[in-house]
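Order of the sequence lines sets the chain letters (A, B, ...), proteins ahead of strands, with each chain counted from 1. A quick note: this is a predicted structure, and the numbers were derived from the prediction, not measured. Any value given below was found using the heavy atoms of this structure, including those in side chains, with hydrogens, waters and symmetry copies removed.
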Number of protein chains: 2
Amino acid sequence: MKSNKRILLVEDDPNFGRILKDYLTINNYEVSLAVNGIEGFEKFNRSDFDLCILDIMMPFKDGLTLAKEIREVNELIPLIFLTAKNLKDDVLKGYKIGADDYLTKPFDSEILLAKIKSILNRKPNLSTQETDEFEFEFGQFDFNSKLRILTHKEGDSFKLSPKENQLLKMLVLNFDDLLPRDIALNKIWRDANYFTSRSMDVYIAKLRKYLDKDVSLKIINVHGEGFRLMKE
Amino acid sequence: MKSNKRILLVEDDPNFGRILKDYLTINNYEVSLAVNGIEGFEKFNRSDFDLCILDIMMPFKDGLTLAKEIREVNELIPLIFLTAKNLKDDVLKGYKIGADDYLTKPFDSEILLAKIKSILNRKPNLSTQETDEFEFEFGQFDFNSKLRILTHKEGDSFKLSPKENQLLKMLVLNFDDLLPRDIALNKIWRDANYFTSRSMDVYIAKLRKYLDKDVSLKIINVHGEGFRLMKE
DNA sequence: AAATTTCTTAATGAAATGTTAATATCTATT
DNA sequence: AATAGATATTAACATTTCATTAAGAAATTT
């Protein structure tokens, strides 16, 4: 199963945080752990999460304050609060900010998991690729990056593998311009080293084979820099 | 100001039910009270509600069974369960059916109110899957998803099982477009894991067998992404 | 010419999917 | 509660897709 959901967990108790993170990781979530509200907000801004789990009682910046800041930036992301005691006031404040749920510590981990699933299942991916462009036209080709199909106007059409697809999309988005090698590597392969670089070369070769159908299109190499998809 | 939300409350304890109904009424909800699962289901079918609150422990027909029946008719309406004891198993079953939340009796009425607000205020889903339509035409088929009948225009017709029916409906609603695996799994199977995924593959095979009657229709796989129902 | 980078094909193993059959679960009726 | 029939899940095995790595040739830079 791919497309793991990403969870931001903000919890000041390092032991508990660690255990919870591991538990969620085992259950196929990608978890980022922050140990206080300040770090939590920084992490939140640095990448895309699908859900936040916030401890309320924390030093420096408590969970409610953090939640308010997060809501200012993103009004849709689901929030789950953890409260040490069953502090009714905190719970009510949480809901006012727009919490989706809260749990009183100690809580049952299976139930947390059920809640997470329930919440994530009812939120369709608004933020993901749905909104992104996925239909392109270049040379004699139509390219649908959602269906991963590259169609030559004379009739031939190719099914692209995920990596072929991503790479072609980046090339097309930078049409006639340089696509730096390390940019593509970090985005598609999540790492830039000798091996991923070799792998990328293999994929460039594959794409070239497809593009042969239109002799005016070329992927040229800029030695030591990257590649450039161009016409003529 | 007549946009009051309508709540179906199913609770067998008449005293408690009465009190809760009054409390919600005071807070501007229009509440319909049923004293058991059977009456609850009748009331549900007779009018449109925005939310259901179901007691789990009830004579004749318990809350979980009722929830299942409601879900068959309406897959979107939010469900909140009330459990007398904190029966973990019941809670987990509830989430599996598609509960939005649960509360353990005795609970704080203000918190219930906050939960209700939180659930009802949730941004409405704008997914393509939401529709009341139940009659479709595609290829050489007529498909009635309410009666679960797929009819080939030459005469053959198939009775579909609930899961076959749901899956075909989602494919048809996304005709010629990708139906992402995760979306279908979370909607139909309420969970996305290895086993539900295999189960879905089995159902795709079944549907393909039906669709064989029209050779121009195909369900093709987009490796790692999902399926696409298309013509030609 | 030596070193580095790129090009291309092919081999490998892992993961996802296709399909049928065997169990398990559910539901309605006796 | 017992049974049959429908439905759903799991198992098993086949097939396909895919990413990576290796390996040698070619191109580019120094």
For atom CD of Glu69(B) and atom P of dC26(C), their distance in whole Å: 15 Å

- prompt: Short question: side chain of Ser145(B), backbone of Arg148(B) - any donor-acceptor pair under 3.5 Å?
  reply: no

task: Check the distance between dA16(C)'s C1' and Arg181(B)'s CZ and give it to me in whole angstrom.
output: 8 Å

- prompt: Does the pair Asp50(A) and Arg6(A) meet the rule for a salt bridge (Lys or Arg N to Asp or Glu O under 4.0 Å), with working shown?
  reply: CA-CA 5 Å; Asp50(A) 299 295; Arg6(A) 307 197 59 212; over 6 Å; no

message: Nearest whole Å is fine: how far is dT7(D) P from Lys68(B) NZ?
response: 16 Å

Side chain of Tyr203(A) - closest among dA8(D), dT20(D), dA22(D): dT20(D)

- request: From the options dC7(C), dT19(C), dA22(D), select the nucleotide whose nearest atom is closest to the side chain of Asp201(B).
  value: dT19(C)

Minimum-distance nucleotide (side-chain atoms of Ala205(A) versus dA19(D), dT8(C), dT7(D)): dT8(C)

- request: State plainly whether the residues Asp101(A) and Lys115(B) are in salt-bridge range, i.e. N to O under 4.0 Å.
  value: yes

query: Hey, mind stepping through Tyr102(B) and Phe81(B) against ring pair (Phe, Tyr, Trp, His ring centres under 6.0 Å) and telling me if it holds?
result: CA-CA 4 Å; Tyr102(B) 76 98; Phe81(B) 286 108; 8.9 Å; no

query: Under 4.0 Å between a side-chain N or O of Lys206(A) and OP1 or OP2 of dC18(D)?
result: no

message: Under 4.0 Å from OP1 or OP2 of dC18(D): is there any side-chain N or O of Arg148(A) that close?
response: yes

message: Go through it in stages, so that I can follow the logic: the residues are Lys117(A) and Asp191(B), the test is salt bridge (Lys or Arg N to Asp or Glu O under 4.0 Å), and I'd like the CA-CA distance, side-chain angles, deciding distance and then a yes or no.
response: CA-CA 8 Å; Lys117(A) 272 186 196 165; Asp191(B) 191 18; 3.4 Å; yes

message: Reading DNA chain D from 5' onward, which residue's closest nucleotide shows up sooner: Trp189(B) or Val202(A)?
response: Trp189(B)

- request: Give one of base, sugar-phosphate or nothing for Tyr194(A), where a contact means two heavy atoms less than 4.0 Å apart.
  value: nothing

- request: Nearest whole angstrom, please: distance from the C1' of dT17(D) to the CD of Glu225(B).
  value: 13 Å

- prompt: If you pin Met200(B) and Ser161(A) to their nearest nucleotides in DNA chain D, which one's is more 5'?
  reply: Met200(B)

- prompt: What integer distance in Å separates Lys163(A):NZ from dA16(C):C1'?
  reply: 15 Å

- prompt: Taking for each residue the nucleotide of DNA chain C bearing the nearest heavy atom, is the 5' side occupied by His223(A) or by Asn221(B)?
  reply: His223(A)

- prompt: To the nearest angstrom, how far is Lys159(B) atom NZ from dA8(D) atom C1'?
  reply: 17 Å

- prompt: How close or far is atom P of dA19(D) from atom CG of Asn165(A), stated in whole angstroms?
  reply: 10 Å

- request: Look at the side chain of Arg198(B) and decide which nucleotide, out of dT20(D), dG18(C), dT9(D), has an atom nearest to it.
  value: dG18(C)

query: In whole Å, what is the span from the CD1 atom of Ile204(B) to the C1' atom of dT19(C)?
result: 13 Å

